[in-house]
2 protein chains.
Amino acid sequence: MSQLTRVGRESTSSIIARQLRAAIRDGEFEPGAQMGEAELAARFDVSRGTLREALQRLVEEGLLSGERHRGLFVRELSASDVQDVYVTRNAIEQAAARLILHGDRIGVADELAGVYDRMRSAVRRGDQRAVGAADVEFHELLVARSGSHRLMRMARTLLIETRMCIRALQDAYELPEELAAEHGALVGALRNGNEALVLGLIDAHMDDAVRRLTPGRGLHDPLPPLDPEPRAVGS
Amino acid sequence: MSQLTRVGRESTSSIIARQLRAAIRDGEFEPGAQMGEAELAARFDVSRGTLREALQRLVEEGLLSGERHRGLFVRELSASDVQDVYVTRNAIEQAAARLILHGDRIGVADELAGVYDRMRSAVRRGDQRAVGAADVEFHELLVARSGSHRLMRMARTLLIETRMCIRALQDAYELPEELAAEHGALVGALRNGNEALVLGLIDAHMDDAVRRLTPGRGLHDPLPPLDPEPRAVGS
DNA sequence: AATCGTATGATTGTCAACAATCCGAGGGGT
DNA sequence: ACCCCTCGGATTGTTGACAATCATACGATT
């Protein structure tokens with residue numbers, strides 16, 4: 001009797017929001033690009049009103065921003081945004097890891113090991129695209145297995161922003177072997193239940209990324225005083 | 001030249017979303033209450049279309065949920081939701097504290113001490129309402145001073161959900177002295193730069209809250225397998 | 001009495017048209 | 001050449017109306 005599931009379709013704006021999210025993640029809309037309402041509405045074959053509901057969701061999520069009567073644009077990530085993204089990911093993923101350590105850490109480690117293997121083989125055959133996909137999948141799975149819906153929702157947005165950072169800065173995993181090794185170490189520490197090591201590895205992973213993407217800036221450096229969300233990496 | 005600020009008004013749906021958020025936080029809409037579009041639109045003196053854009057923002061935020069053709073309702077928080085809220089707050093506020101420890105920890109400690117003083121005097125005169133307000137203000141300030149926009153945005157929603165938990169479960173800070181003491185200890189540890197103590201105090205603070213609100217459940221207990229967001233604390 | 005079918009009112013989902021605003025091109029003046 | 005003004009096209013913000021769906025009450029049937 002419990003295999004019976006809800007039948008009702010989800011809301012249209014939710015579906016459109018998800019598609020737009022994927023498109024932004026995959027770079028089909030570059031940072032700074034305007035989300036023209038008329039064109040998008042035609043593409044989805046819905047009215048502008050319905051489309052605007054979906055866009056407002058992404059605004060709330062922080063993926064879009066804009067000014068009144070000028071339109072909505074894909075957010076451009078400044079250097080402090082990059083740091084902010086990884087600071088927040090660090091918070092989310094450390095919390096997820098701790099939940100897993102208090103739960104089924106062996107089972108989760110096994111699942112993560114599967115993704116890790118795929119990442120390693122992608123590294124071996126030099127498939128950058130597959131490496132990136134496995135990277136995202138690894139972290140998404142880590143948070144998903146924490147069981148926390150709120151952490152998952154936040155991680156979803158943060159991983160999109162991560163991809164935006166990497167793409168915008170043309171970062172191509174110059175040392176993919178090292179990247180894979182970090183993930184492998186994390187799987188091992190998780191399986192062994194070594195909390196301090198797990199948290200340290202995640203912290204180091206995020207710090208590495210920040211230093212690679214924004215030279216001269218580390219994960220734990222103080223963020224600018226407050227206010228600056230200038231809207232551009234170049235401005 | 002830098003004191004010149006943007007002039008353009010923010011979007012209407014953003015304004016309405018903020019007001020609705022405050023209303024939900026203050027219990028003007030109880031959990032489970034339906035957000036009737038016609039009535040709300042009339043109350044704000046806007047069309048239903050504009051109002052729906054604001055509602056969709058709150059759905060994305062997780063404060064509202066609903067089913068197609070049935071309407072949107074204020075989320076009811078289950079026991080695992082309560083735990084989830086505090087798990088996530090723990091992640092956010094620990095990260096904020098660590099940022100502050102690497103930044104202007106003295107200045108922030110001074111500011112927090114001000115809120116702490118107000119909380120203590122509210123406790124002395126038995127003003128439950130003021131205690132709750134100071135509590136929220138304390139944690140909001142902590143995250144704000146981290147300088148991370150993303151942590152702030154997440155904390156905003158989480159503090160609303162915190163108030164919803166407390167209100168729904170009629171928790172009235174039975175031991176307000178202890179509550180104030182915990183905040184005082186946090187201010188001290190922050191000022192001294194004792195990271196391990198700061199993180200431990202935040203962790204204990206959240207764990208206390210979970211145990212008080214959901215008997216028999218702790219902050220670090222494993223969350224249910226995944227799926228259950230049943231929508232009700234009572235169902 | 002209990003169940004099913006039906007009508008009815010209310011609410012949500014969707015849309016196309018109108019009003020307000022912005023951007024750029026072009027012209028006139030200095 | 002430079003600046004200012006004006007105008008037209010295009011885009012966004014907002015609205016009211018229509019279609020689809022749901023909840024409830026009521027009566028018919030077994």
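Below, chains carry the letters A, B, ... as their sequence lines are ordered, and counting in each starts from 1.
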Nearest whole angstrom, please: distance from the [atom2] of [N] to the [atom1] of [X].
X       : N      : atom1 : atom2 : result
B/Arg52 : D/dT14 : CZ    : C1'   : 15 Å
B/Glu53 : D/dG13 : CD    : P     : 8 Å
B/Asp45 : D/dG16 : CG    : C1'   : 14 Å
B/Phe44 : D/dT15 : CZ    : C1'   : 18 Å
B/Arg70 : D/dA23 : CZ    : C1'   : 9 Å
B/Leu51 : D/dT15 : CG    : P     : 11 Å
B/Ile16 : D/dT15 : CD1   : P     : 9 Å
A/His69 : D/dG9  : NE2   : P     : 20 Å

Requested in this report: For the pair B/His149 and A/Asp81, evaluate side chain to side chain donor-acceptor pair (under 3.5 Å) and give the outcome as yes or no after the intermediate values.
Outcome: CA-CA 9 Å; B/His149 293 257; A/Asp81 275 320; over 6 Å; no

**Report entry** Test side chain to side chain donor-acceptor pair (under 3.5 Å) applied to B/Asp203 and B/His220, step by step
**Finding:** CA-CA 10 Å; B/Asp203 203 282; B/His220 298 294; 2.8 Å; yes

Query raised in the report: So with a 6.0 Å cut-off around CD of B/Glu39, is the heavy-atom count from everything else above 12?
Result: no

Requested in this report: Identify which one of B/Ile15, B/Val74, B/Leu58 satisfies the side-chain contact (heavy atoms from CB on, under 4.5 Å) criterion when paired with B/Leu20.
Outcome: B/Leu58

Query raised in the report: Any idea which of C/dG13, D/dT15, D/dG13 is nearest the B/Glu37 side chain?
Result: C/dG13

**Report entry** Nearest-neighbour nucleotide for the B/Arg68 side chain, C/dT12, D/dT12, C/dT14 considered
**Finding:** C/dT14

Report task. Answer yes or no: is there a donor N or O on one side and an acceptor on the other, between the side chain of A/Ser146 and the main chain of A/Val143, under 3.5 Å? Result -> yes

Query raised in the report: With a non-hydrogen cut-off below 4.0 angstrom, is A/Ser11 in contact with a base, only sugar-phosphate, or nothing?
Result: nothing

Requested in this report: Determine the contact category for A/Gly49: base if any of its heavy atoms lies under 4.0 Å from a base atom, sugar-phosphate if only primed atoms, P, OP1 or OP2 are that close, otherwise nothing.
Outcome: nothing

Are OP1 or OP2 of [N] and a side-chain N or O of [X] less than 4.0 angstrom apart?
X       : N      : answer
A/Thr50 : C/dG13 : no
B/Arg48 : C/dC15 : no
B/Ser47 : D/dT15 : yes

